[in-house]
Amino acid sequence: MNQVLNNSQPNVNSVCRVVVYEEGDLLIAQCLEHDIRVFASDLKTLRQRFMDVFSAELVLSTINGGEPFASIDAASDEFFDMWPNLHQDLSKIVYADKSIAMAKAA
């Protein structure tokens, strides 16, 4: 599923990768570049929650003229180690000059 939520061209330096994996009965979406994580019981809800939290963090981080996501560190190395082994591309979204690639772990 591909979506474009903003027609602006993404900056190649603003790619966000999101690892989706299962833990018990929940799906978890973990952004690599910014330590943003959400949980849901189904993929549709997970995508929506991720975009809601991502949007809120973007607004909060820039509310006083700051850089987007400047105060949010990257995820831990364990999540970066998962990225090369992902097998299912779930979506690519362009949002607020960020290109967000979401992929699911096996």
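Note that the numbering runs from 1 along the sequence shown for the chain.
Residues forming a side-chain contact (heavy atoms from CB on, under 4.5 Å) with Glu22 (at least two apart in sequence, or on another chain): Leu27, Lys104. Taking the side chain to side chain donor-acceptor pair (under 3.5 Å) definition, one finds that Ser61 meets it with nothing, sequence neighbours left out. Contacts of Val53 classified as side-chain contact (heavy atoms from CB on, under 4.5 Å), with partners at least two apart in sequence or in another chain: Ile36, Val38, Glu57.
Screening residues 25-37 for salt bridge (charged side-chain N to carboxylate O under 4.0 Å, His left out) gives Arg17-Glu33 as the qualifying pairs, with residues at least two apart or on separate chains. Note on residues 67-84: no pairs pass salt bridge (charged side-chain N to carboxylate O under 4.0 Å, His left out), not counting sequence neighbours.
From Phe50, atom CZ reaches atom CG of Asp52 across 11.0 Å, with rounding to the nearest 0.5 Å. Put simply, CG on Asp42 and CZ on Arg47 are 10.0 Å apart, with the number rounded to the nearest 0.5 Å. If you take CD on Glu23 and CG on Leu26, they are separated by 8.0 Å, rounding to the nearest 0.5 Å.
Ring geometry for His34 versus Phe69: interplanar angle under 30°, hence parallel rather than tilted (30 to 60°).
Across all non-hydrogen atoms, the minimal contact from Ala75 to Gln30 is CB-NE2, 3.4 Å. Looking at every heavy atom in both residues, Ile28 comes nearest to Phe39 through CG1-CD2, 3.4 Å.
Note on Phe80: it clusters hydrophobically with Val19, by side-chain heavy-atom contacts below 4.5 Å among ILVMFWY residues.
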